[in-house]
Number of protein chains: 2
Amino acid sequence: MPKLQESNLTETAVPLDTAATRFRAWQEMGFDANRCPVRNVLDFIGDKWSTLILMSLAGGPRRFNEIIRAVPDISKRMLTQTLRSLERDGLVTRHVFPTKPPSVEYRLSQLGRSVLEPLDRLVGWAETHFATITRARQQFDANVIDEATGALTQK
Amino acid sequence: MPKLQESNLTETAVPLDTAATRFRAWQEMGFDANRCPVRNVLDFIGDKWSTLILMSLAGGPRRFNEIIRAVPDISKRMLTQTLRSLERDGLVTRHVFPTKPPSVEYRLSQLGRSVLEPLDRLVGWAETHFATITRARQQFDANVIDEATGALTQK
DNA sequence: CCGCATCCCATGAGATACTG
DNA sequence: CAGTATCTCATGGGATGCGG
C-alpha cells in the first residue's frame with residue numbers, strides 16, 4: 001500500500017484530513033486506551049443525558065428540580081448520576097445554598113462552557129441533516145424488508 | 001422568569017447562547033423524542049466504535065479486515081453491527097467486489113464526510129482538554145475518598 | 001428539596017464457532 | 001475474506017421508597 005500523502009492538499013478536505021491524521025497518530029501510539037481522548041473524554045456525549053443537561057445549563061445556572069422539569073423523562077437517579085460525572089470531569093460545578101430546605105445550583109464551569117462550542121456544532125449538524133438521515137433510515141429498512149420478502153418469494 | 005434576551009449579545013458567549021436557544025426551541029416543541037436531533041442523530045457518537053470507524057475511514061476507503069486491524073480491540077461482530085448502523089444512517093456506503101474470495105469496501109458518503117468537520121472539532125476539544133479533565137477526575141476522586149475517610153475518623 | 005439505596009430489566013458488547 | 005449465530009456477562013437506566 002502506498003504511503004498516504006500528508007501534504008499536497010488542494011481540495012476542501014481539510015477536516016477529513018485532520019481526522020485521518022489524528023487517527024493515525026493514535027494508531028502509532030499503540031492506541032493505548034488510556035490515552036485515547038475519544039474513548040476517555042467523549043463518553044459523556046454517548047450517555048443518554050449529558051448533552052441535554054449541558055445544553056440546558058447553557059441558559060444559566062439551574063437547580064436540581066429545574067433541570068428535572070427542563071429535561072424530559074429524566075429520572076432523579078439519572079440526573080444525579082449524570083451531574084456527578086459532569087462534575088467529576090470538571091464541566092459542571094455544584095453550589096449548595098444552606099436555605100431551608102437546602103437548594104442546590106448547578107452551573108457550567110469555564111471548561112463546560114468551552115465544550116459547548118464544538119458540541120453545538122455537532123448538534124447543529126444533527127439538526128441540519130436530521131431529515132436526510134431519517135429518510136436514509138427508512139429507505140434502508142425498506143430495502144432490507146424487500147430483500148427479505150424477495151428471498152422468501154423466490155423460494 | 002424573565003424572558004431571555006436573544007439579541008443584545010456583546011460577550012463572547014455566542015455558542016453558549018445558540019445552545020441555550022436551541023434547547024429552548026426543543027422545549028417549546030414539547031421535546032418530542034422523535035424530533036429531538038440529539039437523541040435521534042447523535043447516537044452514533046455515543047456508541048463505543050462509530051467515531052473511531054468514521055475517523056479511520058477519513059483516510060480513504062477501507063476493507064473490512066483493514067478496519068479490524070486499524071481499530072484496536074474491535075470484534076468482527078461489533079464492526080459489522082456498527083458499519084450496518086452507519087450505512088443505515090447514510091454515513092457510510094458499502095461496495096462489494098465479486099472477487100474470489102469476495103472483498104468488501106467501506107467508504108464515507110458525502111454525508112459521512114460532512115459530519116467529520118464538527119466531529120473533529122469535538123475530538124480536538126477532547127485532545128486539548130484531556131489532561132485537564134484527567135486531573136479534574138483525580139482531584140474529584142481524591143476529595144471523595146478524603147471526605148469518606150474524614151467522616152470515618154470523625155466517628 | 002435534594003439525593004441515596006435497592007431491585008430489576010433491557011441493551012451493549014466480548015468470545016467462540018460456523019458458513020458462502 | 002467477510003460475515004452470522006449463539007452464549008454470556010457487564011453496564012445503563014427505569015421505578016420505587018427512604019432519609020437529611
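In this structure, A:E105 places its CD atom 17 Å from C1' of C:dG3, rounding to the nearest Å. In this structure, B:R84 places its CZ atom 12 Å from P of D:dA2, rounding to the nearest Å. Protein atom CZ of B:R94 is 10 Å distant from nucleotide atom P of D:dA2, rounded to whole Å. If you measure from atom NZ of A:K76 to atom P of D:dG19, you get 13 Å, rounded to the nearest angstrom. Atom CG of A:D73 and atom C1' of D:dG14 are 11 Å apart (whole Å). At whole-Å resolution of the value, CE in B:M78 and C1' in D:dT4 are 14 Å apart. Between B:I53 atom CD1 and D:dA2 atom P there is a gap of 14 Å when expressed in whole angstrom units. The CD1 atom of A:I74 sits 15 Å away from the P atom of D:dG12 (whole-angstrom rounding).
In this structure, the nucleotide among D:dG3, D:dG20, C:dG14 sitting nearest to the side chain of A:P102 is D:dG20. Here the nucleotide nearest the side chain of B:T80, chosen from C:dC2, D:dG14, D:dG3, is D:dG3. The side chain of B:N65 lies closest to D:dC1, out of D:dC1, D:dG13, D:dT4.
The cationic group of B:R39 does not satisfy the cation-pi geometry with B:W26, failing either the under 6.0 Å distance to the six-membered ring centre or the 45° limit from the ring axis.
Distance alone, capped at 3.5 Å, places no donor-acceptor pair between the B:S56 side chain and the B:I67 backbone. Side-chain N or O atoms of B:D47 include one that pairs as donor or acceptor with a backbone N or O of B:S50 at under 3.5 Å.
Between the side chains of B:Y106 and B:R62, no donor-acceptor pair of N or O atoms lies under 3.5 Å. Inspection of the A:R84 and A:Q81 side chains reveals no N or O donor paired with an N or O acceptor under 3.5 Å.
A:K100 comes within 4.0 angstrom of no nucleic acid atom, judged by non-hydrogen atoms across all strands. B:F97 comes within 4.0 angstrom of nothing in the nucleic acid, heavy atoms only.
Taking for each of A:P101 and A:Q81 the nucleotide of DNA chain D with the nearest heavy atom, the 5'-most of the two is the partner of A:Q81. Of the two residues contacting DNA chain C, namely A:R77 and A:L83, the nearest-nucleotide position lying further toward the 5' end is that of A:L83.
The phosphate of D:dG14 has OP1 or OP2 within less than 4.0 Å of a side-chain N or O from A:S75. For B:R63, a side-chain nitrogen or oxygen approaches OP1 or OP2 of D:dA2 to under 4.0 Å.
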